[in-house]
Amino acid sequence: MKKTVGIKRLHASKSEKYAVVPPWVIVMYKTMFFRNCMVHPNTKKNEQDRFCIDCLCSFCSHCIPAHTRHKHVKIRRYVYSDVINRHDLCKLFDCSGIQTYHTNKTKVLFLKQRNHHQQQQQQQPINSKDYSCTICDRNLQDNSLYCSIACKVVAIFGDRHTEQMSDNHNKYNKVINGAIKREDLMEQNRKRRRRKGLPLRAPIS
C-alpha cells in the first residue's frame, strides 16, 4: 500500500506538485547551513542557521534585521544533521508522509537524507514490521513514506528537475547576498558618521 501511494504522487500534475511542495523547499534542502556568514565574517555566532523563504537564501542571527518582514525558518542540528521543528514547518509546507523524530521533547524533521552510520546508531526495534523510505530505502520507525524532506521532494519532482531549480536559484542568491552586504556596509557607514568628534582640550595658559 505504501508503494502505491508513492507512485501516485510521482505522477501528479505540475500544479499539484507545487501545491504539495513549494519551490522554496527545493532550494532550502539544497542549501548548506552552519557556514560562517559572509556578511558578518568577524562577528561571533555568525553561523547561517536560518533560511529566508522570500529571499531564498541562508543567513545568520545578525542578518535578522534585513529579513524582519520576511518568512523564515530556523535550522537546528541533531545527530550531526540539519533538522527543522515540525510544528514551525507545518505552517508553511505539507509535512505529511515524512518520518518524525523527537529531540528535547520537540518533534523535528530531517532536512536531508541520513547516512547509514547515523541510522545504525539511533535505530531502535519498535515493532516486528520493517518500514523503509520509498526513495532511499532507509529504515523508518513507522509507516511513513519518506525519511526526510529531501526524499519527499525527490519523489514528487525527481532529481533532474530539483537540480535545475537549485542552479537557477543559486544565481539569484548571489545577487540577494550582494545586496544585503551592501546594505549592511551602508548602515555601518551611517553609524560612523553619527559619532561625535573627539573633545578638544582647553589651551594651556
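When reading the values below, keep in mind they use all heavy atoms of this one structure, side chains included, and skip hydrogens, waters and symmetry mates. All values derive from a computational prediction rather than experimental measurement.
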Going by heavy atoms in the side chains, are [X] and [Y] under 4.5 Å from each other?
{"X": "Cys147", "Y": "Leu140", "result": "yes"}
{"X": "Asn85", "Y": "Arg76", "result": "yes"}
{"X": "Met28", "Y": "Leu56", "result": "no"}
{"X": "Gln48", "Y": "Cys37", "result": "yes"}
{"X": "Ile75", "Y": "Phe34", "result": "yes"}
{"X": "Val25", "Y": "Val153", "result": "yes"}

- Are His67 and Phe59 close enough that their ring centres sit under 6.0 Å apart?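 Centroid separation for His67 and Phe59: below 6.0 Å.
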- Query: Less than 6.0 Å separating the ring centroids of Tyr101 and Phe110?
  - Reply: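 Ring centroids of Tyr101 and Phe110 are less than 6.0 Å from each other.
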Quick one: does [X]'s side chain have a donor or acceptor within less than 3.5 Å of a partner on [Y]'s backbone?
{"X": "Asn46", "Y": "His40", "value": "yes"}
{"X": "Thr134", "Y": "Leu145", "value": "yes"}
{"X": "Gln99", "Y": "Gln141", "value": "yes"}

Inter-residue atom distance [X].[atom1] - [Y].[atom2], 0.5 Å rounding:
{"X": "Tyr146", "Y": "Leu109", "atom1": "OH", "atom2": "CG", "value": "13.5 Å"}
{"X": "Ile53", "Y": "Leu92", "atom1": "CD1", "atom2": "CG", "value": "4.5 Å"}
{"X": "Lys107", "Y": "Thr100", "atom1": "NZ", "atom2": "OG1", "value": "6.5 Å"}
{"X": "Ile156", "Y": "Cys151", "atom1": "CD1", "atom2": "SG", "value": "11.5 Å"}
{"X": "Asp82", "Y": "Ser148", "atom1": "CG", "atom2": "OG", "value": "11.0 Å"}

Search all heavy atoms of [X] against all heavy atoms of [Y] and return the closest pair with its distance.
{"X": "Cys55", "Y": "Cys52", "answer": "N-SG, 3.2 Å"}
{"X": "His72", "Y": "Arg50", "answer": "CD2-CD, 4.3 Å"}
{"X": "Cys63", "Y": "Val39", "answer": "SG-CB, 4.3 Å"}
{"X": "Arg69", "Y": "Asp54", "answer": "O-OD2, 4.5 Å"}
{"X": "Ile135", "Y": "Gln113", "answer": "CG2-NE2, 4.3 Å"}
{"X": "Ser144", "Y": "Gly97", "answer": "CB-O, 3.6 Å"}

- Determine, stepwise, if the pair Val154 / Tyr29 fulfils side-chain contact (heavy atoms from CB on, under 4.5 Å). CA-CA 11 Å; Val154 171; Tyr29 100 83; 3.7 Å; yes
- Message: I'd like to know if the side chain of Asn104 pairs up with that of Thr106 as donor and acceptor (distance under 3.5 Å, no hydrogens or angles considered).
- Response: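 The criterion, which ignores hydrogens and geometry beyond distance, is not satisfied for Thr106 and Asn104.
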- Run the numbers on Phe51 and Val27 for side-chain contact (heavy atoms from CB on, under 4.5 Å), then give the verdict. CA-CA 10 Å; Phe51 182 81; Val27 182; 4.1 Å; yes
- Task: Please determine which of Val83, Ile26, Leu111 meets the side-chain contact (heavy atoms from CB on, under 4.5 Å) test together with Ile149.
- Result: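 With Ile149 as partner, Val83, Ile26, Leu111 yield a single side-chain contact (heavy atoms from CB on, under 4.5 Å), made by Leu111.
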- Query: Which residues satisfy the salt bridge (charged side-chain N to carboxylate O under 4.0 Å, His left out) test with Lys71, sequence neighbours excluded?
  - Reply: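 Salt bridge (charged side-chain N to carboxylate O under 4.0 Å, His left out) list for Lys71, sorted by chain: empty.
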- Task: Count the heavy atoms of every other residue, nucleotide or ligand shown that sit under 6.0 Å from NE2 of His70, and state whether that count exceeds 12.
- Result: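 For His70, atom NE2 is crowded (more than 12 foreign heavy atoms under 6.0 Å).
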- Exceeds 12 heavy-atom contacts within 6.0 angstrom, atom CZ of Arg77: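 More than 12 within 6.0 Å, yes.
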- State whether Lys74 and Asp49 are salt-bridged, where the test is any N-O pair (Lys NZ or Arg NE/NH1/NH2 against Asp/Glu carboxylate O) under 4.0 Å.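 Here Lys74 pairs with Asp49 in a salt bridge, since their nearest N and O are under 4.0 Å apart.
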